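Quantities reported herein were computed from a predicted structural model and do not represent experimental measurements.
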Amino acid sequence: MYKTGFDNNKYLKMQSERIKERISEFGGKLYLEFGGKLFDDYHASRVLPGFEPDSKLQMLLQIKEQAEIVIVISTEDIVNSKLRGDLGITYDVDVIRLIDAFTERGLFVGSVVLTKYAPHPRVNAFEERLNRLGYPVYHHYVIEGYPSNISHIVSDEGYGKNDYIKTNRSLVVITAPGPGSGKMATCLSQLYQENKRGIKAGYAKFETFPIWNLPLNHPVNAAYEAATADLNDVNMIDPWHLAAYGETTVNYNRDVEIFPVLRAMFEEIYGSCPYKSPTDMGVNMAGNCIFDDNAVCESAKQEIIRRYFTALDSAVKGCGKSNEIYKLELLMKQAEISEKSRKCVLPAREIAEKTAEPAAAIELNDGTVITGKTSPLLGCASAMLLNALKHLAELDDEILLIVPEVIMPIQELKLRHLGNKNPRLHTDEVLLALSISAVGDKNASLAMQQICNLRNCEMHSSVILSPTDENIIKKLGIRLTCDPKK
């Protein structure tokens, strides 16, 4: 059952104020490394119910006159056509998408940085495209001995070889299409370059997860480990913060491991390090905006289970990793949850066992579970969808929202003219048929009005659904899991 537990308005206010404070602490200029997604942050919205997917973007809009964005991309990722798994587009295409998205929303994109720069036809073509669009492009190079050879890195032969990024505003947000792009190195290179020019600037890091002021074993932090199980990231107590302040905070292994290097770089650039711990570098205020810990804990546990099913499905499709599955199983055990902790799983499996056909179940936001079974006319997801809409519209279960006379011509079109072998209607076809029926049928119209109430509902299928169905369910805002069966 969906229940909010996070105050998004409080978050927007607190977060923007904290960033402005950090800018002033460094004399008026801050390079802010943005981890995760600036918008479309659906992981955060799932584990912190009430967090809006574009919250970080909205927060930046509150201080947009002070901010400019620099997008970083590794030339290796351009050459290798690296894909964003969630969107299915290459990193270079995503840079253009990000530029368009930021500018459409009123944020200023100052430039693009090509890290690990080396000439290549794809890299050259991408740079030419950016130049045609009017965006400055800078080159940052591979530095020998990075990150351990501090004296070489922090020198004219290290950071000094990189192009100096010209920035005009007090807050410079460094973001990227994905991990491994070189955001931190770009920030530190700029600190070196700014210092050489007599400009005082600082560095901070904005990562939503893990949340530093929640316990190490809190489900929200465990859900972060689940989300990065393929990277084998591990949450841990920040030993530097504990030693400096006697206070227990949570960070993750990569930041803790790299901190001695960062501290040495700061000392080389400035003569001293402004931070005593990785936690000190962060500005995240999300933990202060949780008002219902039980609701947040339940949402985070559901996210861990969803990640587990996704890993199982990936293994069946041939693209999963056994180590990822093992780690997720361990996280579930530590959180004292199982597949059965997901309310829609058992009903879907029970219907599938009774009918010997695929079945689906959805837990609505009030906790009601509605099922759907496979029939000659409809797939299980389509049947479940119609049943859920009837329930939400308070219509009798026997009412036909779409009469067979409407469905049969669609089936004939699929089989005779489009080359499909399966006559059953997918979810997109059912929604189109329902919208047509709603023109002259009051019940269909009432059902259509309930589509918005499917958002944030939990759904389970006894088989892996078709990409078409998965895509429609995702667009409806339904959170889907599937048993690893085709």
At their closest point, which heavy atom of Met384 faces which heavy atom of Ala360, and how far apart are they? SD-CB, 3.9 Å
Run Thr427 and Leu476 through side-chain contact (heavy atoms from CB on, under 4.5 Å) and show every step you take. CA-CA 11 Å; Thr427 48; Leu476 292 173; over 6 Å; no
Could you tell me whether Lys333 and Glu329 make a salt bridge, using a distance below 4.0 angstrom between a side-chain N and a carboxylate O? no
Between Asp94 and Arg97, is there a salt bridge with N-O shorter than 4.0 Å? yes
Is the CZ atom of Phe108 crowded by more than 12 outside heavy atoms at less than 6.0 Å? yes
Looking only at non-hydrogen atoms, find the nearest pair between Tyr42 and Pro53 and report the distance. CE2-CG, 3.6 Å
Has Ser338 got a side-chain atom pairing as donor or acceptor with Lys340's backbone, closer than 3.5 angstrom? yes
Side-chain contact test, heavy atoms from C-beta onward, threshold under 4.5 Å: evaluate it for Val296 versus His218 and give yes or no. yes
Please evaluate residues Tyr31 and Tyr203 with respect to the criterion ring pair (Phe, Tyr, Trp, His ring centres under 6.0 Å), reporting the C-alpha separation (whole Å), side-chain torsions for both, the decisive distance (0.1 Å), and the verdict. CA-CA 5 Å; Tyr31 285 89; Tyr203 163 80; 8.9 Å; no
Go through it in stages, so that I can follow the logic: the residues are Arg307 and Glu303, the test is salt bridge (Lys or Arg N to Asp or Glu O under 4.0 Å), and I'd like the CA-CA distance, side-chain angles, deciding distance and then a yes or no. CA-CA 6 Å; Arg307 295 281 183 177; Glu303 177 70 1; 2.9 Å; yes
Ring-plane angle category for Phe51 and Tyr11, please: parallel below 30°, perpendicular beyond 60°, tilted otherwise. tilted
Heavy-atom count check: over 12 atoms from other residues, nucleotides or ligands less than 6.0 Å from Lys317 NZ? yes
Lys/Arg N to Asp/Glu carboxylate O, Glu458 vs Arg342, below 4.0 Å: yes
In the structure I gave you, are the side-chain heavy atoms of Cys187 and Lys205 within less than 4.5 Å of one another anywhere? no
Surrounding CD of Glu336 (heavy atoms of other residues, nucleotides or ligands, distance under 6.0 Å), is the total greater than 12? no
Return the CG to OG distance between Leu48 and Ser55, rounded to the nearest 0.5 Å. 9.5 Å
Does the side chain of Val430 reach to within under 4.5 Å of the side chain of Ile472, using non-hydrogen atoms? no
Check whether any side-chain heavy atom of Val112 sits under 4.5 Å from a side-chain heavy atom of Val95, and report yes or no. yes
Verify salt bridge (Lys or Arg N to Asp or Glu O under 4.0 Å) between Lys3 and Glu298, making sure each step is shown before the conclusion. CA-CA 9 Å; Lys3 187 179 179 183; Glu298 179 58 29; over 6 Å; no
Evaluate the side-chain proximity of Ile96 to Leu133: yes if any heavy-atom separation is below 4.5 Å, no if none is. yes
After noting the C-alpha distance and the side-chain angles of Lys327 and Glu324, does the key distance pass the salt bridge (Lys or Arg N to Asp or Glu O under 4.0 Å) rule? CA-CA 5 Å; Lys327 179 166 184 177; Glu324 182 181 356; over 6 Å; no
Is the CD atom of Glu353 crowded by more than 12 outside heavy atoms at less than 6.0 Å? no
Closest approach of Lys20 to Ile63 (non-hydrogen atoms, all atoms of both residues): CD-CG2, 3.6 Å
Salt bridge or not for Arg254 and Glu207, using N-O below 4.0 Å? no
Go through Gln450 and Leu454 one step at a time and tell me if the side-chain contact (heavy atoms from CB on, under 4.5 Å) criterion holds. CA-CA 7 Å; Gln450 297 299 320; Leu454 295 173; over 6 Å; no
Assess the side chains of Asn365 and Asn456: does a donor N or O sit below 3.5 Å from an acceptor N or O? no
Less than 4.5 Å apart, any side-chain heavy atom of Val250 and any of Leu214? no
Thr374-Arg424 side chain donor-acceptor pair, cut-off 3.5 Å: no
Ala223 to Ala300 - nearest heavy-atom pair and separation: CB-O, 3.9 Å
Just by modelled atom types, is the Ala359 backbone N or O under 3.5 Å from a matching donor or acceptor in the Ser462 side chain? yes
Examine the side chains of Tyr245 and Asp238 and answer whether a donor and an acceptor come within less than 3.5 Å of each other. no
With side-chain contact (heavy atoms from CB on, under 4.5 Å) as the criterion, how do Phe34 and Ile174 come out once you've worked through the C-alpha distance, each side chain's angles and the decisive distance to 0.1 Å? CA-CA 6 Å; Phe34 245 71; Ile174 307 293; over 6 Å; no
